[in-house]
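Beneath this line is the structure, given in structure tokens, with notes to follow.
Being a predicted model, the structure only gives us computed values, none of them experimental. By convention in this document, chain letters (A, B, ...) are assigned in the order of the sequence lines, proteins followed by strands, and residues within each chain are numbered from 1.
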Amino acid sequence: MSRYNFKEAEAKWQAKWAEDGCFEVAEDTSKPKYYVLEMFPYPSGRIHMGHVRNYTLGDVVARYKSARGFNVLHPMGWDAFGLPAENAAIERGVHPADWTKENIAVMGAQLRSLGLSYDWDREIATCDPDYYRHEQKMFLDFLAADLAYRKEAWVNWDPVENTVLANEQVIDGLGWRSGAVIEKRLLSQWFLRITAFADELLYGLEALERWPERVRLMQENWINRSEGAYVHFGLKGRDDGLEVFTTRPDTLFGASFCAVAANHPLAQELARDDSRLAAFNTECSRLGTSEEAIETAEKQGFDTGLRAIHPFVEGVELPVYVANFVLMEYGTGAIFGCPGHDQRDLEFAHKYDLRVVPVVAPVDADPLTFEIGEDAYHGDGTHINSAFLDGLDIVEAKAAAIERLVKLKAGRSAITFRLRDWGVSRQRYWGCPIPVIKCATCGIVPVPESELPILLPDDVSLEQPGNPLDHHPTWKHADCPQCGQPAQRETDTLDTFFESSWYFARFCSPHAGTAFSREAVDYWLPVDQYIGGIEHAILHLLYARFFTRALKSCGYLSVKEPFAGLFTQGMVCHETFKDEDGGWLYPEQVTAQTDGSFTHTETGARALVGRSESMSKSKRNIVDPVAIIEAYGADTARLFMLSDSPPERDLEWTTAGIEGAWRYTNRLWRLITDPVGPMATIGSTRPAEMGDAALQACRSIHRSIAVVTDDLEKFRFNRAVARVRELTNLLGELDGIGDDFAWVRRFGAETAAKLIGPMMPHLAEEIWHQLGHETLLVEASWPETEAEFLVEDSVTVAVQVNGKLRATLELSRDAGGTSLENQVLALPGVVRAMDGRAARKVIVVPNKVVNVVV
RNA sequence: GCGGGCGUGGCGAAACUGGUAAACGCAAGGGGCUUAAAACCCCUUGCCCGUAAGGGCUUGCGGGUUCGAGUCCCGCCGCCCGCACCA
């Protein structure tokens, strides 16, 4: 029995495709273009199963579209700047550049072994000066267009290391290396004005029809446009006041307190003379900068003693608190609290014994007795306890309240966004230097374009804490381009999201002397199909959408949206194992016992099976793709990635699953190549006469083409695999003899090769070759269906009595009428279920269901 | 906390717009081939009652709409993802 030699075949066809330049593309206006892009990887060291899944999905699309006659651009590169390279430098003493380059070499070879149809000639690495020099120019253009600016922002500050930490480096409020309590600190930093495009980014979502609905929703909620009002509260005994933003100006009569963020200027000012408030503010600053930490912390407030004067009601004064749940970044960093109609305010009011006055009552409630219990009332209703707003509904009351605020010069209507400007400054080495110079006399001065790129220095010390560029002995010293006096370079580098915000454009002309050739981006953009993890649903995708608009407004390109189609894939999971002490074990450290339990392979001790979780180094539940490709080949790994779960859902990696895929690989191989002698010589013209069985098989093959094509179009790859397996089963059962059978068998084999081609390209190519073709399968076109073979003359119809299945009936297509009803009513199963009762109604859904209602 | 999603046999799943629930595969059981094992091939397999014919039940839980609900609506429960300096 022959076995498919994947090692030989995969090496052979990969070499052949490369030699023939099968995946190299150029602009060609005679064909429709199709740009397939998978999110490029961070070169962490080795590829993981998530990459295999992501890139297999992209490769299926690329190869399928190519077979359909599109001019397909399918590039790959490296998102090469980032924190892990600096960590590796600290831990292992290697230079971030060397570490990154080495990783790219290793991972590049691993990706190549998967047989992905990339145009490798377009490979880019974002840490290459030839890449980042262009984004330095973009930064200068943004600066000139007022899309980049400086402002103070809060960072996580490690007081022991004197270093800014990423959120990831703050664990339970402590620095990951120093263990010091982390504080928030204000730092002057660079921002990109993404909020200038807030409306556009929001309304632009509507046009992104080929994006998942949930991603659009998440972005919409992230941008969160809210209509409301600014309200000015006077402060008793002070000349200034408190500016508050609210979406519910109609609930002003229910206000019982005001609150400001701990980092609000007012809180900072008062803390200078109040050590207890200063301590409270410091406590708040220890929550870190993430919204999650702030919102999940226990709600706490500090009464400043200040009293805010109610704009509508003379004599009413509201206590002003500093509260740990108010965010400085949203609205004005100050709120008024209406406990009756906001759950968080209600809990705060209960804690600090503040009054709870309902001002909106449900329409069916008695306004005189309506009270707020444990739950704030968020619903519609009629205003009560609200003087001139009484009796109005919420919409009317909002308008009336704003009108009154304007009249009193105590406020105005306003639209705010939750979206904040994008902070791009990082106080780190391994990123793109920001090309500006800080001069004592001239201020911020852009580096002249002729001096770009500003290169990262090679000789840095990463061992000492702090920003390496800042304590480099010479790098930051430069003369001011304006006045010529000694000055200093900006030592911040750019957020790595900067690189990933335009790489799709660079791929269009990766060797261009400019960021990209206008002609190339005009031809290729937007990306037709973008594929990657759901974890990028907001930040990366939103930044890239903004960046594209920013580039457009600076005259770089013509499209507004970078990604016309988006697909978000699920994660690759694996069961987890722990030893008896709770330590994580690698899958290869455990042995399955016959009774279903597991033991530690070396010690023989009991091992505990945990639930399946997404593969991660920390849980040790990883399976190395390289080992899998080595053992089963790339095609088998690709097949398994596609077959079991729908691509948007999480996939569980199992040994049984990969072995099942491997069995299929060999089954298909044998089925087609064992009788290949006779098959290779059979003509490709359909015999004029075909017997019923051969005709049925021919129909089934055509249906396979139709179903698989539809499934591939709709990203239902698991179903496509199932249908190809059915086709394989059919081929295995074709045991007739004669010309018609011989032809059908070959037709089925060729079709199977073509349909499985995008998924298992090496095996398909090998089969194609064995069938006697001189040309490559990758150059062959997608199979076409013929309408005459897609119509069935008879259908099986379900027969129900009161919606319950009682029988099935073979009918000719589109049968109906009273004869059908009589036929149905005479069926033994129907008679039994009707139990002598008369039919009240018979519902006929043509070719599907007949339902008798009694 | 806020925002988003998911939930169907022992397991991964399928079921297109409300119309035969469980296609395809994994695991398991039985049989064949073999000195034997592996590989391979064939059969069985949602659960319960029944020798069978047949009947009942079943898509996380509880309601509702409908001739008919996995699919639509309302309310719960569980799990997962994101939250702006991880990428």
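- Rounded to whole Å, the C1' atom of B:A69 lies 13 Å from the corresponding atom of B:A15.
- B:G3 and B:C76 have their P atoms separated by 14 Å, with the value rounded to a whole Å.
- Taking atom C1' in both B:C26 and B:C48, the straight-line distance is 25 Å, to the nearest Å.
- Using a 4.0 Å heavy-atom cutoff across all strands shown, A:Q189 reaches at least one base atom of the nucleic acid.
- The aromatic rings of A:Y42 and A:W99 sit tilted, their planes meeting at an angle between 30° and 60°.
- Under the 6.0 Å distance and 45° angle rule, A:R418 counts as a cation-pi partner of A:W222.
- Considering only side-chain atoms of A:A656, the nucleotide from B:A84, B:C26, B:C81 that sits closest is B:C26.
- The residue A:Q800 sits close to a base: some heavy atom pair falls under 4.0 Å.
- If you check every strand for non-hydrogen atoms under 4.0 Å, A:R426 touches a base.
- With both ends at atom P, the span from B:G78 to B:G60 equals 16 Å, rounded to whole Å.
- For the OP1/OP2 pair of B:G54 and a distance below 4.0 Å, the side-chain nitrogens and oxygens of A:R806 include no atom meeting the criterion.
- Judged by Watson-Crick or G-U wobble contacts below 3.5 Å, the nucleotide B:G68 has no partner.
- In this structure, A:S500 reaches neither bases nor backbone, as no heavy-atom distance under 4.0 Å exists between it and the strands shown.
- Taking the six-membered ring where the residue is Trp, A:F546 and A:W422 present perpendicular rings, their angle passing 60° and hence far from 30°.
- Contact between the side-chain N/O atoms of A:R344 and the OP1/OP2 oxygens of B:C2 is not found at any separation under 4.0 Å.
- Comparing B:C24, B:G1, B:G68 by their closest approach to the side chain of A:N851 singles out B:G68.
- For B:G25, one of the phosphate oxygens OP1 or OP2 lies less than 4.0 angstrom from a side-chain nitrogen or oxygen of A:N729.
- At least one side-chain nitrogen or oxygen of A:N718 sits closer than 4.0 Å to the OP1 or OP2 atom of B:A14.
- Among the atoms of the strands shown, none is found under 4.0 Å from any heavy atom of A:V797.
- The CD-C1' distance, from A:Q219 to B:G5, rounds to 16 Å in whole Å.
- Considering only side-chain atoms of A:P84, the nucleotide from B:G19, B:A87, B:C24 that sits closest is B:A87.
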Worked check of side-chain hydrogen bond (donor to acceptor under 3.5 Å, both in side chains) between A:N167 and A:S290 = CA-CA 7 Å; A:N167 282 339; A:S290 92; 5.4 Å; no
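- Base engagement by A:R418 is indicated by at least one non-hydrogen atom pair under 4.0 Å involving a base atom.
- Put simply, CG on A:N221 is 17 Å from P on B:G82, counting in whole angstrom units.
- Straight-line distance between the C1' atoms of B:G63 and B:G50: roughly 34 Å, to the nearest whole Å.
- Within the cation-pi definition used here (under 6.0 Å to the ring centroid, within 45° of the axis), A:K299 does not qualify as a partner of A:F348.
- Nearest nucleotide to the A:V849 side chain, out of B:A23, B:U20, B:C41: B:U20.
- Here the side chain of A:H536 is nearest to one of B:A84, B:G5, B:A87, namely B:A87.
- The aromatic rings of A:Y4 and A:F6 sit tilted, their planes meeting at an angle between 30° and 60°.
- Contact between the side-chain N/O atoms of A:T496 and the OP1/OP2 oxygens of B:A87 is found at a separation under 4.0 Å.
- On the P atoms, B:U58 is 14 Å away from B:G9, given to the nearest whole Å.
- Evaluation of atom-type donor-acceptor distances gives a pair under 3.5 Å for the side chain of A:E292 against the base of B:C83.
- A donor-acceptor contact under 3.5 Å is not formed by the side chain of A:E535 with the base of B:C83.
- For the pair A:R216 and A:W211, the NZ or CZ position fails the cation-pi test of under 6.0 Å to the six-membered ring centre and within 45 degrees of the ring normal.
- Within 4.0 Å of A:R420, counting heavy atoms only, lies at least one base atom of the nucleic acid.
- Counting any heavy atom pair closer than 4.0 Å across all strands shown, A:K804 reaches sugar-phosphate atoms only and no base atom.
- Of the candidates B:C80, B:C40, B:A84, the closest approach to any side-chain atom of A:R670 belongs to B:C40.
- Between B:G70 and B:G18, the distance separating the two C1' atoms is 11 Å to the nearest Å.
- Here the nucleotide nearest the side chain of A:L217, chosen from B:U20, B:G5, B:C85, is B:G5.
- With both ends at atom P, the span from B:A13 to B:C73 equals 23 Å, rounded to whole Å.
- A close approach under 4.0 Å does occur between a side-chain nitrogen or oxygen of A:R663 and OP1 or OP2 of B:A27.
- In summary, of the residues considered (A:D495, A:N467, A:D492), a side-chain hydrogen bond (donor to acceptor under 3.5 Å, both in side chains) with A:R426 occurs for A:D495 alone.
- Note on A:T808: a base of the nucleic acid sits closer than 4.0 angstrom, heavy atoms only.
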